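Report on one structure; see the data block that follows.
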Protein chains: 2
Amino acid sequence: MDVARLAGVSPSTVSRILNGTAKVSDDKRQAVMDAIARMNFAPNPMAQSLKRGRSMTIGIVVQDISSPFFDETLHGVDEALKGTGYASVIVSGHWNAAEEIERIRLLLARKVDGIILLSGRITDESVLQFSQHRPIVSTGRAIQTQRALGFKLDNEHGGWLAVRHLIELGHRRIAFITGPANNCDADERLAGYKRALQEADIAYDPKIVVEGDFHESSGMRAINHLFDTQQQFTAVCAANDLSAYGARLSLYRKGIRVPEDISLVGFDDLPGSSYTTPPLTTIRQPLYDIGRIATNSLLHLINGEIVETSIPPLELIVRETTRRIR
Amino acid sequence: MDVARLAGVSPSTVSRILNGTAKVSDDKRQAVMDAIARMNFAPNPMAQSLKRGRSMTIGIVVQDISSPFFDETLHGVDEALKGTGYASVIVSGHWNAAEEIERIRLLLARKVDGIILLSGRITDESVLQFSQHRPIVSTGRAIQTQRALGFKLDNEHGGWLAVRHLIELGHRRIAFITGPANNCDADERLAGYKRALQEADIAYDPKIVVEGDFHESSGMRAINHLFDTQQQFTAVCAANDLSAYGARLSLYRKGIRVPEDISLVGFDDLPGSSYTTPPLTTIRQPLYDIGRIATNSLLHLINGEIVETSIPPLELIVRETTRRIR
DNA sequence: CTGTTAGCGCGTTCAT
DNA sequence: ATGAACGCGCTAACAG
């Protein structure tokens, strides 16, 4: 190092001071600190990484950067990373298992120290496989090994909460807009819907359960379909907020008032859901906390520590799109 | 390298094959390729970076991850980076110049090959300063050097477009919700507002120009303030979509219909603006394209190439929150 | 306490 | 066309 020469010591001494690896006499330390300041020296992270085998970078896999769902989670990640010295590389799987695998390989090739997988489409086995290379934390899974950790929210309970709220308001014909096929979270929410109906002795009617894909447009299509096939219903439960937004718009176009004519409830509580017209009743997912906690856990896993964490539960947020049936 | 031994050649030969640096006989090449495949070898990026002085990483500075505004731009960045071998590290300045500088320093310390600065709060001089270390591309600036490039949208024109649309619909009392103080983009939009009024011989009335901060809550507060001070107006122009959302909600709460009673126009055309109730008339910013083009330009700058680019203009998107005054 | 030596995994001379 | 040797910047092990 140049600093070493300038301070008249050996490179190792500089290293020792920078890392606090060993005791160094005060005069030498002072000389080195001066030299460092004078040439405002900073260690080269690549050389450090090469030597230590740690890149101080973690990889985040989202499905769609520019979806409020993921971005709120990323916000939590960002917060948890602050001051740790770790940076994050974000990649997107675009809801596609093959692409997701390729992206994870990319992250691994880049030698990230760990991976956070958000709403992955790949199998648990794949995750376990990858976790042999680097620790992985994933949402929506119930795994727990030395190097892989899954967080799972009780989506079934969430779906149940939403529908029970509607039933308590007197609704009995409750339509449901599902998530994409084979999406675990979505399936569980639907299961919660079914259980709530059953507990209230309401027959399950597949004709008012319409498939969506978590996007706004599918919410619109769902409502249109319901009307085209002339279904009767007084409330709509959507598998996520985005499709609830679409449903809302379709209803508006048809001149149907929310909540006067039809009640609507979403799932997620995206930041924008407090500002829809009217503000959306929904099931709150602690997205920000999930991001924070997942990140913390990963950092622990990286250090070989065992983590045991719990995340806040899902909760019903009653706003203005639901009302008692008259 | 292990591969070299397995293939019975020297490490240099492997390197030559991987980088196409020099001619290598076909038989050796074959042997090496086999060995590589067999132990699915991949070069260590850190070692490469250390040697080449290129990290194959660029830094992105946003102000708020989890704002649809930035996320749509990031989407474009992501697209442009695809297949280039570059990855991105995203940091957030939180609309705070000091934090922004600290983050940029962090990126520089990490040896990113270039930086994209989105809606930065720091001065042009700071940018130029930083650009001495690494090439920088920034939005909202009119700079152009060998190592720094600014993109600037014609916000004044955008503001003018929005207000002229309102005026053409017969509105003459048009309230304006501004952006945060000292924000260049916001100031220009206000300037466009003033020019449109002037051209239509409408007196500028500061009492119906209310300060906001680009967030939903400030849009609500602005409308509330307007009503509290009993201003007369038939239309509202917001400096961005988010504050238009807030304005919309406040109007809804007061039982005022949009667009029947009051017309509303935003600025940005966020993805969600097609799904508000009713869908928002707004000025479209080509966020995605900005992300794409900024990234491409940066990649060129990194390679020492001169870039000359133009981005799509702002355009008025007429949806359903504006209507002719009766 | 401190300097010397070696090596992390590559790419690039310089010879051959 | 190919191998040997060196160095990117840093830290860990080994002496002293």
Side-chain angles (χ1 to χ4, degrees), chain A residues 1-36 38-57 85-87 106-113 133-134 303, chain B residues 1-36 38-57 85-87 106-113 133-134 303:
Chain A
M1 304 170 163
D2 277 347
V3 186
R5 271 214 329 280
L6 209 164
V9 299
S10 84
S12 349
T13 304
V14 177
S15 175
R16 284 191 256 267
I17 293 176
L18 253 29
N19 301 299
T21 319
K23 293 256 149 262
V24 177
S25 73
D26 279 350
D27 49 339
K28 304 224 176 211
R29 149 168 284 117
Q30 203 43 250
V32 170
M33 295 306 260
D34 283 354
I36 285 180
R38 194 124 53 82
M39 37 194 303
N40 54 32
F41 164 89
N44 181 331
M46 291 163 196
Q48 290 187 142
S49 299
L50 182 60
K51 181 71 195 175
R52 309 205 245 233
R54 274 199 175 200
S55 61
M56 295 307 279
T57 302
Y86 277 89
L106 227 67
L107 291 175
L108 257 15
R110 273 196 169 255
K111 305 284 183 193
V112 294
D113 294 335
H133 301 280
R134 300 287 172 191
N303 292 324
Chain B
M1 306 168 166
D2 278 345
V3 186
R5 272 216 328 279
L6 209 163
V9 299
S10 83
S12 348
T13 305
V14 177
S15 176
R16 284 191 253 267
I17 292 177
L18 253 29
N19 302 298
T21 318
K23 294 257 148 263
V24 178
S25 72
D26 279 350
D27 50 340
K28 304 222 176 213
R29 149 167 284 117
Q30 203 43 250
V32 171
M33 295 307 261
D34 283 355
I36 285 180
R38 195 122 54 82
M39 35 193 306
N40 54 32
F41 164 88
N44 180 330
M46 292 165 197
Q48 290 187 142
S49 299
L50 183 58
K51 183 68 195 174
R52 308 205 246 233
R54 275 200 175 198
S55 63
M56 295 307 280
T57 303
Y86 277 89
L106 228 67
L107 290 175
L108 257 16
R110 272 197 171 254
K111 304 286 183 192
V112 295
D113 294 336
H133 301 280
R134 300 289 173 192
N303 292 325

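Per chain, numbering begins at 1; letters A, B, ... match sequence-line order. Just so we're clear, the structure is a prediction, and the values are computed from it rather than from any experiment.
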Once rounded to the nearest 0.5 Å, what's the spacing between atom [atom1] of [X] and atom [atom2] of [Y]?
X      : Y     : atom1 : atom2 : result
A:I17  : A:S25 : CD1   : OG    : 8.0 Å
B:L107 : B:S55 : CG    : OG    : 10.0 Å
B:N40  : B:R38 : CG    : CZ    : 11.5 Å
A:R110 : A:T57 : CZ    : OG1   : 8.5 Å

Whole angstrom is fine here: how far is it from [atom1] in [X] over to [atom2] in [N]?
X      : N      : atom1 : atom2 : value
B:I36  : C:dC10 : CD1   : P     : 10 Å
B:R54  : C:dC10 : CZ    : P     : 19 Å
B:K111 : D:dC8  : NZ    : P     : 14 Å
A:M56  : D:dC10 : CE    : C1'   : 15 Å
A:F41  : D:dG9  : CZ    : P     : 10 Å
B:I17  : C:dT12 : CD1   : P     : 15 Å

Other residues, nucleotides, ligands: >12 heavy atoms within 6.0 Å of B:M33 CE: no
Angle between terminal axes - the helix from C:dC1-D:dG16 to C:dT16-D:dA1, 5 pairs each end, rounded to 10°: 50°
What pairs of nitrogen or oxygen atoms, one from the protein and one from nucleotides 4-7 of chain D, lie under 3.5 Å apart?
from: D:dA4; atom 1: N6; to: B:S12; atom 2: OG; distance (Å): 3.0
from: D:dG7; atom 1: N2; to: B:K51; atom 2: NZ; distance (Å): 3.2

Under the side-chain hydrogen bond (donor to acceptor under 3.5 Å, both in side chains) test, residues paired with A:D26 that sit two or more places apart: none
side-chain N/O A:S15 vs D:dA12 OP1/OP2, d < 4.0 Å: no
If you compare all heavy atoms of [X] against all heavy atoms of [Y], which two are closest, and at what distance to 0.1 Å?
X     : Y      : result
A:V3  : A:A35  : CG1-CB, 3.6 Å
A:G53 : A:D113 : O-OD1, 4.4 Å
B:N44 : B:M46  : OD1-N, 2.7 Å

Residues within residues 19-28 of chain B bordering DNA chain C, heavy-atom distance below 4.0 Å: B:N19
For DNA chain C, the residues among residues 42-50 of chain B that have a non-hydrogen atom under 4.0 Å from it: B:A42, B:P43, B:N44, B:A47, B:Q48
All pairs passing salt bridge (Lys or Arg N to Asp or Glu O under 4.0 Å) where residues 5-16 of chain A contributes a residue, at least two apart: A:D2-A:R5
Modelled atom types, side-chain donor and acceptor of A:S15 and A:S12, under 3.5 Å: no
Contact check, side chains of B:R54 and B:Q48, non-hydrogen atoms, under 4.5 Å: no
Side chain to side chain contact (heavy atoms under 4.5 Å, CB included) evaluation trace for B:F41 with B:L18: CA-CA 11 Å; B:F41 164 88; B:L18 253 29; 3.8 Å; yes
